[in-house]
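Protein chains get the first letters and strands the later ones, always in sequence-line order, with residue 1 at the start of each. In this text, all values refer to a predicted model and were calculated from it rather than measured experimentally.
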2 protein chains.
Amino acid sequence: MDRERLIDEILMLLPVLGRGLGRPGPGELGEISAQGIPVDVHISPGHVQVLIALGRGPHSIRHLAEVVGVSSPAVTQLVNHLEEHKMVERRHDPADRRVVLVDYAPGMQDIARRMMEGRRKRLREAVNPLTDEEARALLKGLVLLVGSFDAVREEAAGAKHS
Amino acid sequence: MDRERLIDEILMLLPVLGRGLGRPGPGELGEISAQGIPVDVHISPGHVQVLIALGRGPHSIRHLAEVVGVSSPAVTQLVNHLEEHKMVERRHDPADRRVVLVDYAPGMQDIARRMMEGRRKRLREAVNPLTDEEARALLKGLVLLVGSFDAVREEAAGAKHS
DNA sequence: CTACTTGTTTAAGTAACTTACATAAGTTGC
DNA sequence: GCAACTTATGTAAGTTACTTAAACAAGTAG
């Protein structure tokens with residue numbers, strides 16, 4: 001495979017991916033409202049990340065920031081939005097009252113899953129033509145690409161301390 | 001391969017990719033300035049897409065908008081920035097004076113390539129561990145994912161006309 | 001020639017972040 | 001025990017990368 005062409009394709013495709021992520025389709029909005037969920041809940045990719053992470057249990061703001069890959073104030077904003085819509089709750093960690101733990105509000109985990117189902121379905125259908133081998137390679141490649149940005153990030157952090 | 005886990009991973013990874021794209025590393029800025037290129041030239045992913053597209057010859061604004069995947073006014077802004085830094089030039093297409101053709105300014109194609117080399121290098125290194133098969137699968141998967149967003153987009157366009 | 005379409009730009013606005021700073025809570029060392 | 005420092009979060013202000021609506025110019029069709 002021509003690696004230069006691959007790089008070019010990646011450079012052309014990734015921004016498209018990045019831009020397309022934020023966009024719920026009209027079908028998705030219809031699905032959401034059909035489920036009695038207020039359609040004014042705009043769920044950005046960052047919100048999706050938070051909701052997925054919370055599926056694994058309560059997280060502190062700082063931990064969410066790490067998992068999502070953004071700053072703490074950005075997580076504050078994401079969580080504010082979800083809290084305003086009664087999807088998540090904040091509480092202080094009794095073991096360290098500085099820490100704010102974020103968790104699903106009661107009964108909201110299933111609602112969240114249903115809200116994200118349209119996105120999942122679309123992605124599922126998109127990757128459907130891939131063999132298991134190909135899917136594994138896609139994931140591996142995505143992880144490698146993300147890793148290269150982490151390297152940039154760590155480099156920047158390193159430069160900041162020197 | 002567990003498809004649900006793949007979908008979750010994609011939903012977690014793609015936003016990270018999208019956010020990381022805009023960030024030149026300090027090493028990259030160093031390289032840029034070492035080549036005598038003014039470091040105030042901020043090259044976003046959109047600019048990269050434009051520069052790559054122009055590598056294939058002059059494009060109209062509208063065509064660039066299609067290739068890059070954004071609106072015409074967004075391309076206007078991208079091109080304005082590049083024009084301000086003398087990297088590209090605009091001229092009207094004599095065959096249809098409504099059309100603005102954008103092309104590299106003389107001698108700038110090589111400069112642009114050198115400006116993007118750090119990005120390319122980083123991506124090259126990132127995908128280096130992939131076998132040819134895996135690289136092909138990565139590209140195929142990316143194209144499929146992008147296609148799913150195009151589908152959303154076309155759906156939205158369809159809904160707008162009904 | 002008029003009405004409509006197409007292409008681009010300008011203006012205004014939004015979403016999704018960032019950094020700097022303020023406040024609260026916890027830790028360390030004297 | 002207390003001052004100095006560190007850590008966690010939220011607020012404020014700003015930036016970036018888009019969007020849509022509208023304006024203007026050029027082209028097309030009847």
Side-chain angles (χ1 to χ4, degrees), chain A residues 14-24 40-50 58-66 68-84 88-102 149 152-153 156-157 160-161, chain B residues 14-24 40-50 58-66 68-84 88-102 149 152-153 156-157 160-161:
Chain A
L14 287 194
V16 184
L17 273 191
R19 290 183 203 111
L21 270 175
R23 209 174 5 225
D40 62 340
V41 187
H42 175 64
I43 299 295
S44 70
H47 291 122
V48 171
Q49 285 179 294
V50 167
H59 282 55
S60 67
I61 298 283
R62 184 188 160 95
H63 191 203
L64 282 174
E66 281 166 9
V68 173
V70 298
S71 63
S72 294
V75 168
T76 294
Q77 288 177 341
L78 291 171
V79 170
N80 283 350
H81 183 80
L82 294 172
E83 198 180 30
E84 276 156 23
V88 303
E89 294 174 341
R90 279 180 166 93
R91 65 176 194 271
H92 282 277
D93 182 351
D96 181 344
R97 295 194 52 70
R98 292 175 300 183
V99 175
V100 172
L101 291 175
V102 183
F149 295 131
V152 172
R153 210 157 122 139
K160 208 185 281 189
H161 288 98
Chain B
L14 287 194
V16 183
L17 273 190
R19 288 182 204 113
L21 270 174
R23 210 170 9 220
D40 62 340
V41 187
H42 175 65
I43 299 294
S44 71
H47 291 122
V48 172
Q49 285 178 295
V50 168
H59 282 57
S60 68
I61 299 283
R62 184 187 159 95
H63 191 204
L64 281 174
E66 281 167 9
V68 174
V70 299
S71 63
S72 295
V75 169
T76 295
Q77 289 177 339
L78 291 172
V79 170
N80 283 350
H81 182 80
L82 295 172
E83 199 181 28
E84 276 156 24
V88 301
E89 294 173 340
R90 277 179 168 93
R91 66 176 194 269
H92 282 278
D93 182 351
D96 181 345
R97 299 194 46 74
R98 292 174 301 185
V99 175
V100 172
L101 291 175
V102 184
F149 294 132
V152 173
R153 208 158 124 135
K160 208 186 282 190
H161 288 99

Side-chain donor or acceptor of Arg98(B) under 3.5 Å from a matching atom on the base of dT8(C)? no
Measure the shortest side-chain to side-chain distance between [X] and [Y] over non-hydrogen atoms and say whether it is less than 4.5 angstrom.
X: Val99(A); Y: His63(A); value: no
X: Leu82(B); Y: Arg90(B); value: no
X: His92(B); Y: Val100(B); value: yes

From the options [options], select the nucleotide whose nearest atom is closest to the side chain of [X].
X: Asp96(B); options: dA26(D), dT9(C), dA16(C); answer: dA26(D)
X: Val99(B); options: dA17(D), dT20(D), dG7(C); answer: dG7(C)
X: Val70(A); options: dC17(C), dA11(C), dC18(D); answer: dC17(C)
X: Arg97(A); options: dT9(D), dT8(C), dG26(C); answer: dG26(C)
X: Val100(A); options: dT9(D), dT19(C), dA17(D); answer: dT9(D)
X: Ser71(A); options: dT8(C), dT18(C), dT10(C); answer: dT18(C)

Considering just the side-chain nitrogens and oxygens of [X], establish if one lies under 4.0 Å of OP1 or OP2 belonging to [N].
X: Thr76(A); N: dT9(D); result: no
X: Arg19(B); N: dC17(C); result: yes
X: Ser72(A); N: dA8(D); result: no

Separation of atom [atom1] in [X] from atom [atom2] in [N], rounded to whole Å:
X: Gln77(B); N: dG13(C); atom1: CD; atom2: P; value: 15 Å
X: His81(A); N: dG10(D); atom1: NE2; atom2: P; value: 16 Å
X: Arg91(B); N: dG7(C); atom1: CZ; atom2: P; value: 17 Å
X: Leu101(B); N: dT9(C); atom1: CG; atom2: P; value: 11 Å
X: His59(B); N: dG7(C); atom1: NE2; atom2: P; value: 15 Å
X: Arg62(A); N: dA24(C); atom1: CZ; atom2: C1'; value: 16 Å
X: Ile61(B); N: dT6(C); atom1: CD1; atom2: C1'; value: 14 Å
X: Arg90(A); N: dT9(D); atom1: CZ; atom2: P; value: 10 Å

Tell me the closest heavy-atom pair linking Leu78(A) and Ser44(A), and the distance in Å. CD2-OG, 4.0 Å
From CA spacing to verdict: side chain to side chain contact (heavy atoms under 4.5 Å, CB included), Val68(B), Arg19(A): CA-CA 10 Å; Val68(B) 174; Arg19(A) 290 183 203 111; 3.8 Å; yes
First encountered from the 5' end of DNA chain D, between Asp93(B) and Gln49(B): Gln49(B)
Toward the 5' end of DNA chain C, by each residue's nearest nucleotide, Pro73(A) or Ala95(A): Pro73(A)
